[in-house]
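The block underneath contains the structure these notes are about, expressed in structure tokens.
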Amino acid sequence: MKIGKNIAVAKAALEAGELVAIPTETVYGLAANALDSKSVVKIFEAKNRPFFNPLIVHIGLAENLEELTNSKPAYVDKLIEEFWPGPLTLVLPKSNKVPDIVSGGLDTVAVRMPNHAMTLELLQSLNFPLAAPSANPFKYISPTTAEHVAAQMGDKVSYILDGGACKVGVESTIVKCLDDKILLLREGKIQAEEIEAFTGIKAEKVKTNNEKPEAPGMLSTHYAPNSKILIGNIADLIEKYSDKKLGILSFSEKYTAENILYQEILSSKENLSEAAANFFSALRNLDAAHVDLILAEYLPEEGIGRAVNDRLRRASTI
Ligand code: TXA
Ligand code: MG
């Protein structure tokens, strides 16, 4: 059986240079020994991911950061204390220990300590950190259950460590830690305002630039299902597309129309955290329903709703 909860099996496979899917609080990762280029190459091959797109390095103890970076601004310790383990990735100047393939040739490295008991135990049992992007094929929807990974990457990994459904559901917030300011490269559960409050350092959002993205993975097309997604007022869109087989992705409301084939409601209680945790699964289910069009609406632009809206926008861009 390839899926299981056996940390020793995962450890042995990683030590042998193989790929293992690991649970985190955000999404499942496709992990390999971050300090071994030959193992890391397998991640890019399995995902069909371009080599310029760098990976996040996962560690089990805050002190493991030391070997990965050359220097860090003083405020970084405050961020670590407050948010690790948790969905915050720090981009810092990299040390020589980090292979270039991990950093995509950049002189920085992205590091985080995931908040998932099984994965923390695994990381603490290994004597190397784990490079891990989300365990989905390049540009497709991120996996939030072991079954999602099995469906798409099952033949590419030695083992899937099953840690249940991811509680946060969208990828970590990524910040680049400069001496005098913090650049928000990707939105997630942890907000720029919180980061500013804890550090007293200005955190600014970086606009996506497809020519030269700050975070090379932040292309405007991403998370894309096979069906086209339109975002707007769902009731109006249903009227407009009365001749199409529709899928609906709503925040809390149920819609009725004869041509609605499938519907996903992210949180009938209008709870943003619940909506985020359900988001990627909902997209997958809608994709599997083979509709002509998926009609969706934005969540309130606050808290983790912003991160979900960002993913929804990318999923709808063709
Ligand atoms: O929640 C998460 O962060 C998940 C779980 C598995 O930890 N991982 C994840 O990895 O989302 P991935 O590869 O799908 O996204 C990593 C992002 C990419 O957009 C990449 O360009 C950016 O991190 N990144 C990695 N290293 C970077 C660096 N040195 N400078 C700027 N961006 C970097
Ligand atoms: Mg990803």
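Start at 1 and go down the list; that is how both ligands and their atoms are numbered. Side chains are part of it too, since the values below use all heavy atoms of this structure and drop only hydrogens, waters and symmetry mates.
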Practice prompt. Heavy-atom distances under 4.0 Å are what count here, so tell me which part of N53 touches ligand 1: side chain, backbone, both or neither.
Written response: side chain

Fill in: Option with minimal heavy-atom separation from atom 29 (N) of ligand 1, where the choices are L130, T89, T108
T108

Worksheet item: What residues form a ring-ring contact (aromatic ring centres under 6.0 Å, His included) with F51, not counting sequence neighbours?
Response: F44

Discussion item. What I want to find out is whether E25 reaches R112 closely enough, with some N-O distance under 4.0 Å, to be called a salt bridge.
Written reply: yes

Worksheet entry | Listed protein N/O/S atoms, distance to the Mg ion (ligand 2) under 2.8 Å | S134 OG

Discussion item. Can you tell whether the side chains of D310 and R306 come within less than 4.0 Å, N to carboxylate O?
Written reply: no

Discussion item. Under a 4.0 angstrom heavy-atom cut-off, which atoms of ligand 1 come close to E171?
Written reply: 1 (O), 2 (C), 11 (O)

Worksheet entry | Option with minimal heavy-atom separation from atom 23 (O) of ligand 1, where the choices are L30, I174, N136, V175 | I174

Practice prompt. Kindly confirm or rule out an N or O of S103 lying under 3.5 angstrom from an N or O of ligand 1.
Written response: no

Practice prompt. Determine, for E147 against R284, whether the closest basic-nitrogen to carboxylate-oxygen distance falls under 4.0 angstrom.
Written response: no

Worksheet item: Which is it for H58 and ligand 1 at heavy atoms under 4.0 Å: side chain, backbone, both or neither?
Response: side chain

Fill in: Identity of the nearest option to atom 14 (O) of ligand 1, non-hydrogen atoms only, from A131, G169, S134, S142
S134

Fill in: Atoms in ligand 1 flagged as close to V91, the criterion being non-hydrogen separation under 4.0 Å
28 (C), 29 (N), 30 (N)

Worksheet item: Should E196 and K202 be marked as a salt bridge (charged side-chain N to carboxylate O under 4.0 Å, His left out) after you check the CA-CA gap, both sets of side-chain angles, and the distance that decides it?
Response: CA-CA 6 Å; E196 268 187 24; K202 182 102 197 101; 3.3 Å; yes

Discussion item. Counting only heavy atoms from other residues, nucleotides and ligands, does the tally under 6.0 Å from CD of E193 exceed 12?
Written reply: yes

Discussion item. I'd like to check which ligand 1 atoms, numbered from 1 as shown, lie under 4.0 Å from a non-hydrogen atom of G29.
Written reply: 6 (C)

Discussion item. If we set the cut-off at 4.0 Å for heavy atoms, which region of R186 has an atom near ligand 1: side chain, backbone, both, or neither?
Written reply: side chain

Worksheet entry | Close-contact set for ligand 1 against T26 heavy atoms, below 4.0 Å | 1 (O), 2 (C), 4 (C), 5 (C)

Item to complete: May I ask you to identify, for K189, whether its side chain, its backbone, both or neither come under 4.0 Å of ligand 1 on a heavy-atom basis?
Response: neither

Discussion item. For the CG atom on N48, are there more than 12 heavy atoms of other groups (residues, nucleotides or ligands in this structure) within a distance under 6.0 Å?
Written reply: no

Worksheet entry | Ionic contact status for E187 with R311, cut-off 4.0 Å | no

Worksheet, complete the sentence: Numbered in order shown, the ligand 1 atoms found under 4.0 Å of a heavy atom of A110 are 25 (C), 26 (N), 27 (C)

Discussion item. Need the ligand 1 atom indices (1-based, order shown) with element for anything under 4.0 Å from a heavy-atom of S172.
Written reply: 1 (O), 2 (C), 3 (O)

Worksheet item: Near R112, which atoms of ligand 1 are under 4.0 Å from a heavy atom of that residue?
Response: 1 (O), 2 (C), 3 (O), 5 (C), 7 (O)

